[in-house]
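Taking it in order: structure first as structure tokens, then the write-up.
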Amino acid sequence: MPELPEVEVTRRTIAPGLHGAVVTEARLGKPLRWPLGCDPQQLAHRTVGLAQRRGKYIWLPLGAPLGGAAGQAGTPGDADADADADADAATGGLLIHLGMSGSLLLSQQPAEAGAHDHFDLVTTRGTLRLHDPRRFGAVVWSPALDREPAARLLAGLGPEPFDAALDAAGFHARLQARRAPIKQVLLSGQAVVGAGNIYACEALHVAGIDPRTPAYRLSRPRAGRLLQAVRDTLARALALGGSTLRDFHDAHGMDGAYQQQAAVYGREGQACPRCAAPVLRIVQGQRATYYCRACQRR
DNA sequence: AGTTAAACCTGGTTGC
DNA sequence: TGCAACCAGGTTTAAC
């Protein structure tokens with residue numbers, strides 16, 4: 001479900017409603033990929049900032065607790081307790097990842113938490129709920145984006161696809177260092193973030209590039225075309241409301257519309273829309289790759 | 001160092 | 001119908 005377009009759609013749907021809300025309570029369900037990293041009660045009384053996105057992560061800024069509620073904890077003279085109280089009072093935020101099957105829903109009257117609802121952030125403007133059957137997702141407290149643990153999780157990410165500072169030359173240069181197949185390099189996010197398995201396949205098809213081509217072998221012009229194809233593919237999916245295959249819906253529960261649009265992904269044996277040759281399915285790095293042998297070349 | 005496999009976990013689909 | 005096998009949008013960690 002969640003590649004960059006889905007994550008961005010989610011961010012856009014939750015950001016306005018949550019901005020300025022005050023957290024009243026946080027609840028945890030079953031364990032996710034990583035622990036929250038703080039006591040859920042520590043999230044209460046904080047004001048929610050404007051949700052941001054980095055790669056496929058959503059960053060939800062949380063201000064310091066209102067009303068001096070913190071600071072009542074420490075025993076006078078106990079240095080460790082004082083330090084903890086200071087940490088509790090500081091600003092920070094939640095780094096949220098949707099994993100393979102996660103989705104966020106912001107609602108005024110949330111139903112009782114189900115078996116796959118693993119995190120609730122109850123606020124004065126509604127409850128943000130993470131629903132994630134496979135539990136590859138995560139919600140992690142971090143003092144800031146550039147401090148641990150967020151900094152470590154974001155450390156390996158390449159440039160944002162829509163960052164104007166990323167140009168064909170820069171993208172090409174990043175590919176030069178990689179001998180792995182271009183499909184796997186796209187998935188790694190080291191040259192550009194955001195293309196998951198579906199959009200990586202689609203972008204390579206748009207660019208007419210064989211997914212098995214070693215990344216460093218792409219010429220500068222072809223690298224430029226691939227970067228443009230990644231941008232076009234992601235932008236198109238974004239414009240259609242995200243959605244990949246089956247069960248994506250935004251934070252208001254609306255379905256996306258990209259699912260009918262795939263040219264090669266999930267279409268093994270069907271005709272390539274461009275040249276009518278049958279679409280092939282191969283496995284690269286334990287992930288399925290779909291491509292057209294006739295019009296995608298090395 | 002760079003590339004590749006294994007792991008995390010659940011549910012839906014496919015095939016015998 | 002029952003059940004095993006296989007598949008799925010992602011990323012970290014361990015192992016060649």
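Labels below follow one simple rule: chain letters A, B, ... track the order of the sequence lines, proteins then strands, and each chain is numbered from 1.
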[X] [atom1] - [N] [atom2] separation (whole Å):
X	N	atom1	atom2	answer
N197(A)	dA8(C)	CG	P	8 Å
Y199(A)	dA8(C)	OH	C1'	15 Å
I58(A)	dT11(C)	CD1	P	12 Å
E268(A)	dT14(B)	CD	C1'	14 Å
L153(A)	dC8(B)	CG	P	19 Å
K56(A)	dT12(C)	NZ	C1'	14 Å
H118(A)	dC9(B)	NE2	C1'	9 Å
W34(A)	dC9(B)	CH2	C1'	15 Å

Candidate list C38(A), P149(A), P35(A), test side chain to side chain contact (heavy atoms under 4.5 Å, CB included), partner W141(A), passing option: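 Testing W141(A) for a side chain to side chain contact (heavy atoms under 4.5 Å, CB included) against C38(A), P149(A), P35(A) leaves exactly one candidate, C38(A).
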Taking the same atom, P, in dC9(B) and in dA14(C), what whole-Å distance lies between them?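 Their P atoms lie roughly 16 Å apart.
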Write down the distance separating the P atoms in dA1(B) and dT11(C), rounded off to the nearest Å.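 It works out to 24 Å between them.
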What is the per-nucleotide protein-contact pattern of nucleotides 2-7 of chain B, from the 5' end, where B denotes a base atom under 4.0 Å from a protein heavy atom, S denotes such proximity for sugar-phosphate atoms only, and - denotes neither? -SSBB-
Would you check, one step at a time, whether the test side-chain contact (heavy atoms from CB on, under 4.5 Å) holds for Y291(A) with H205(A)? CA-CA 6 Å; Y291(A) 74 108; H205(A) 179 260; over 6 Å; no
If you apply the rule side-chain contact (heavy atoms from CB on, under 4.5 Å), what do you find for L4(A) with Y199(A), and how did you get there? CA-CA 9 Å; L4(A) 184 142; Y199(A) 299 126; over 6 Å; no
Indicate, with a heavy-atom threshold strictly under 4.0 Å, whether [X] touches base, sugar-phosphate, or nothing.
X	value
R134(A)	base
L187(A)	nothing
A288(A)	sugar-phosphate

Evaluation steps, side-chain contact (heavy atoms from CB on, under 4.5 Å), between R236(A) and L240(A): CA-CA 6 Å; R236(A) 181 157 166 254; L240(A) 290 169; 4.3 Å; yes
Check whether any side-chain nitrogen or oxygen of H97(A) sits under 4.0 Å from OP1 or OP2 of dT11(C), and answer yes or no.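 So the side chain of H97(A) is within the cut-off, an N or O lying under 4.0 Å from OP1 or OP2 of dT11(C).
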Where does DNA chain B pair, written as one dot-bracket string 5' to 3', with Watson-Crick or G-U pairs under 3.5 Å, ( ) inside the strand, [ ] for crossing pairs and | for another strand? .|||||||.|||||||
With distance as the sole criterion, is a donor-acceptor pair present between the side chains of Q270(A) and Y290(A) under 3.5 Å?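 No, no side-chain donor-acceptor pair sits under 3.5 Å.
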Decide yes or no for [X] and [Y]: does some side-chain heavy atom of the first lie under 4.5 Å from some side-chain heavy atom of the second?
X	Y	answer
Q296(A)	C272(A)	no
L175(A)	I182(A)	yes
L234(A)	E8(A)	no
L204(A)	T289(A)	no

Counting side-chain heavy atoms from C-beta on, which of dT12(C), dT10(B), dC9(B) comes nearest to F136(A)?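 Per side-chain heavy atoms of F136(A), the pick is dC9(B).
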From the list dT10(B), dT11(C), dC8(B), which nucleotide is the closest neighbour of the side chain of R287(A)?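 Looking only at heavy atoms from C-beta outward on R287(A), the closest nucleotide is dT11(C).
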CZ (R179(A)) with more than 12 external heavy atoms under 6.0 Å: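 Incorrect, the count does not exceed 12.
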